[in-house]
Amino acid sequence: MSEEKRLLNVSASPHFRSNDTVTGIMLDVIIAMIPSLLASTYIFGLRVLLVTAVSVVSCVGFEFISRKVMKRHNTLADLSAVVTGMLLAFNLPVDIPLAMVVIGAAVAIIVAKQFFGGIGQNFVNPALVGRIVLMVSFPVYMSNYGMPFAWQHKGVDIVTTATPLSVLGNVADKADLTGADLPSLMYMFMGIRQGSIGEVCAIALILGFLYLLIRKVIKPTIPLCFVGTVALIMLIAGKGNFTFVGYEVLSGGLLLGAIFMATDYTTSPVNFKGQVIFAIGCGLITSVIRLFGSLPEGVSFSIIIMNILVPQIEKFTTPKPFGTVKEKKAKEETK
Amino acid sequence: MANGILHAVKKVRGGVMVSHNKNTKDMPVERIAAPKQVVLPMVQHIGAPCQPIVSVGDTVEVGQKIGDTDAFVSAPIHSSVSGTVTAIKEIKTATGMPVTAVFIDNDGEMRLHESVKPPVINSREEFLKAIRESGLVGLGGAGFPTHVKLAFKPDAGIDTLVINAAECEPYITVDYRECIDNSRNILAGVYELQKYLGFEQVVIAVEDNKPDAIKILNEIAHDERDIGDKVKVMTLKSKYPQGAEKMMVQSATGRKVPPGKLPADVGCVVMNVGSVGFIGRYLRTGRPLVSRSLTVDGSAIANPKNVRVPVGTSLQDIIDFCGGFKEEPAKIITGGPMMGVSVIGTEYPVLKQNNAILAFTKKENVYKKERDCIRCGRCANVCPMSLMPTLIDRFAMARDVESLKGTGVMVCMECGSCAYSCPAGKPLVQSMREAKHLLREEANKK
């Protein structure tokens, strides 16, 4: 045996690390989206899986290519591109032409994410940017929401009707929904309604929400404040009509947005106070667009607008270092 | 009965739930045979280095002072064995700092030096002088000279002594053993401190995962010497870093130590329970700080133990006493896994302030692959000092000193909660140190 000295590892403390990893967190988000994906496949047919697969593959592909072109290290292993791909698909109607899915993915990954430095650096939610660009560019395709279970009736001509949200938008007196052509609240809850792929099934989304809470991936602050604000405003707008509130909460992309998109780490505030302001802002803008805007839905716009305001929110809500005496108090004390 | 047990006045912000791994908690401290040689660095504390006051060839005895200085912030060094000084030369400490060290060959007789006798104390000044002569430094890990901490003026408005028995670092159980095995010393220490320094209240803080210690400390708090019920035991939630000085002060009194200030600025003195126990013992025996208790543990250690070792014993001698390595160690730490210092070899001597030697195999010595920050906010949410570690990391890496000034990074105590919880595996504590260094550099320029 040689007298060679053993070499030990040295590093700065701490010498223990938690088990959390970026990849693990992204994987949890993916798992949390699976119930909604399955429910949607049941409601809208197998094309759901096709659209999702195309979206995920294009996102991953664009991520790979743009990192390569920009000569930056490969980031596929963190799974964030997969999450973006799934979220983008969740925001699209089932019958969208696949080429548009690819365009949406390109906008999301290349423009919204990689142009700003990739994971952790984008200031707006990539999937939402993809959706909004598609919505503005191809409004007809983007609002052609499939009918639930249309896939089971191939060949039968099914008339597409207005989505619950546009029906609600056209009701003059929000306190009186009699005569409005709406699915029952139970159907709304189960997802048997028109809408984009990932937004329809409330139960599945709530399951995902609970999973994320249990795994401590997100805190309940943003989803609860977001949905709570919308519910409160709708309660006032509906003059105390809880049925109307129920429809508003369950329709459109509110739950999907509140649970999966407003909670995106990169584009939401870090601390509690900031998160509350951010989520209330999202809820306010969503409600204003729904009640007064010409568009039926405002979730994506509200989140994007609040994303942009995050640095300002953080500026005012970041706590002062431990023990810092507030200026006012300090002045009082010197008096 | 739970009477007299206080609960934390104020819940502390942030922190992380680390696994306790207090494997050695039921192992009473074993005395290790004095080694053939001890190496005594002249810096075993925060403050001015001592100068050797012995020469090569001198015969020294246990407890004999071998290093001292006129500087106030310092603590003298005593020989931990009897024998002959064989060398006085520069060595490198575990942190890489060059320091003069005295090498003493042990003659195995462990003769006590004539100076070792109970100090005669009649006044506050004599008490402080005795504490200085004992060579005591904070035994919790930081190594701040205790007499400096206690040398406040009687009218300085310091009313509270907080005794830290939280021991929030994983693995380490020496403070717990001190509570269980040497409660008489702690008791004596508490009342001597109280007597000479006149604290209005003494709060012994302990985490709630140590019920046995709480029970024993509670008996101390209800001793007949406690006139006016000034001594109290306070239980804290087991959460790292409860044992940090500023956290302790906040828990015990609700007072917050402002940035750049010390607990003394809000009327508190915080002492490790081991240091208090030492004072109790020293005042009885006069034996200066020449040995200390350590937890030796970790997955690579054959027989984890709590041991009492002469200061200056090499890490290797202690590890050998614990059966050596059962597996190839990948990393050895002096201190706890959250704030301890990793060493490159086992030839280093144990210092006064070391409270553990932990050796881990490759399996435990995991490094996460470093990825990009996703702004998950875990670091900011666990920071007990309300900082934004990810932001500081970004500024520090960019060497953006101007931006760093607004981050408050100087209050960072490097507890490691941020780096522990970071899913991107960022070495955040390293960044905090870099940031502080940049700011100090900037301040020195002016």
Side-chain angles (χ1 to χ4, degrees), chain A residues 5-26 28-29 72-73 75 77-80 83 117-123 216-219 221 263-272 274-275 310-311 314-315 317-325 330, chain B residues 13 16 18-19 170 246 256-259 261 328-333 335 337-346 358 360 364-369 371-378 380-381 384-388 390 407-408 411 414-417 419-425 427 429-430 433:
Chain A
K5 242 190 182 172
R6 255 194 301 254
L7 279 179
L8 294 165
N9 283 309
V10 282
S11 69
S13 56
H15 306 288
F16 273 13
R17 298 297 177 97
S18 67
N19 295 324
D20 288 347
T21 61
V22 173
T23 310
I25 290 169
M26 295 297 166
D28 274 338
V29 177
R72 289 172 178 274
H73 63 271
T75 50
D78 61 35
L79 296 181
S80 65
V83 171
I119 185 170
Q121 304 292 333
N122 49 294
F123 67 97
K216 292 190 173 148
V217 172
I218 60 169
K219 287 190 181 145
T221 322
T263 53
D264 171 34
Y265 288 147
T266 309
T267 54
S268 64
V270 159
N271 55 69
F272 176 76
Q275 289 181 346
V310 165
E314 295 223 300
K315 210 169 159 186
T317 55
T318 302
K320 294 272 168 294
F322 181 90
T324 308
V325 190
Chain B
R13 178 194 195 275
V16 287
V18 289
S19 50
K246 288 182 177 181
K256 281 188 169 186
V257 181
K261 301 278 178 160
E328 183 84 7
K331 192 184 240 177
I332 298 180
I333 306 163
M338 295 301 282
M339 288 187 75
V341 179
S342 56
V343 294
I344 54 171
T346 52
L358 305 175
F360 295 104
E364 251 107 348
N365 181 40
V366 273
Y367 290 90
K368 283 185 209 172
K369 185 175 160 37
R371 293 192 182 280
D372 300 301
C373 169
I374 52 171
R375 264 181 54 88
C376 67
R378 282 172 172 72
N381 289 322
M385 293 285 122
S386 303
L387 300 174
M388 279 276 278
T390 174
T407 58
V411 307
E414 300 171 14
C415 70
S417 299
Y420 173 83
S421 49
C422 179
V429 173
Q430 219 163 318
R433 288 186 185 141

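Within every chain, numbering begins at 1; the chains are lettered A, B, ... in the order of the sequence lines, protein sequences first and strands thereafter.
Comparing B:Pro259, B:Gly408, B:Ala380 by heavy-atom pairs within less than 4.5 Å of chain A, the highest count is held by B:Pro259. The most heavy-atom pairs under 4.5 Å with chain A, out of B:Arg13, B:Met388, B:Gln430, B:Arg371, come from B:Arg371. Contact count versus chain A (heavy atoms, under 4.5 Å) is highest, among B:Ser421, B:Cys376, B:Ala424, for B:Cys376. Annotation: maximal heavy-atom pairing with chain A below 4.5 Å, among B:Lys246, B:Arg433, B:Lys331, occurs at B:Lys331. Ranked by non-hydrogen atom pairs under 4.5 Å with chain A, the options B:Gly425, B:Gly340, B:Cys415, B:Pro427 are led by B:Gly340. Per-residue counts of heavy-atom pairs under 4.5 Å with chain A were compared for B:Gly416, B:Gly335, B:Cys422, B:Pro170; the largest is that of B:Gly416.
The contact between A:Ile25 and chain B is made entirely by side chain atoms (from C-beta outward), counting heavy-atom distances below 4.5 Å. For B:Ser417, no part sits under 4.5 Å from any heavy atom of chain A, backbone or side chain. Contact annotation for B:Leu387: only side-chain heavy atoms (C-beta onward) come within less than 4.5 Å of a heavy atom of chain A. If you measure heavy-atom distances from B:Asp372 to chain A, the contacts under 4.5 Å come from both the backbone and the side chain. For A:Ser268, the part sitting under 4.5 Å from any heavy atom of chain B is the backbone (N, CA, C, O) and nothing else. Within the 4.5 angstrom heavy-atom criterion, no atom of A:Gln275 approaches chain B. For B:Val341, the part sitting under 4.5 Å from any heavy atom of chain A is the backbone (N, CA, C, O) and nothing else. Heavy-atom distances place the side chain of A:Thr318, and not its backbone, under 4.5 Å from chain B. With a 4.5 Å cut-off on non-hydrogen atoms, A:Lys219 touches chain B through its side chain but not through its backbone. Using a 4.5 Å cut-off between heavy atoms, B:Cys373 touches chain A through its backbone atoms (N, CA, C, O) alone.
Between B:Ser342 and A:Val10, the closest heavy-atom pair is OG-CA, 3.3 Å. Pairing each heavy atom of B:Pro384 with each of A:Phe322, the nearest pair is O-CD1, 3.6 Å.
For the atom pair B:Ile344 CD1 and A:Asn9 CG, the distance stands at 11.5 Å (nearest 0.5 Å). One distance of note links CG of B:Leu358 with NE2 of A:His15; it measures 9.0 Å at 0.5 Å rounding.
With hydrogens and angles disregarded, no donor-acceptor distance shorter than 3.5 Å links the side chain of B:Arg375 to the backbone of A:Asp264.
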For B:Lys369 and A:Thr23, run side-chain contact (heavy atoms from CB on, under 4.5 Å): C-alpha distance rounded to whole Å, both residues' side-chain angles, the deciding distance at 0.1 Å, then the answer.
CA-CA 10 Å; B:Lys369 185 175 160 37; A:Thr23 310; over 6 Å; no
Full working for side-chain contact (heavy atoms from CB on, under 4.5 Å) between B:Lys368 and A:Ser18:
CA-CA 9 Å; B:Lys368 283 185 209 172; A:Ser18 67; 3.4 Å; yes
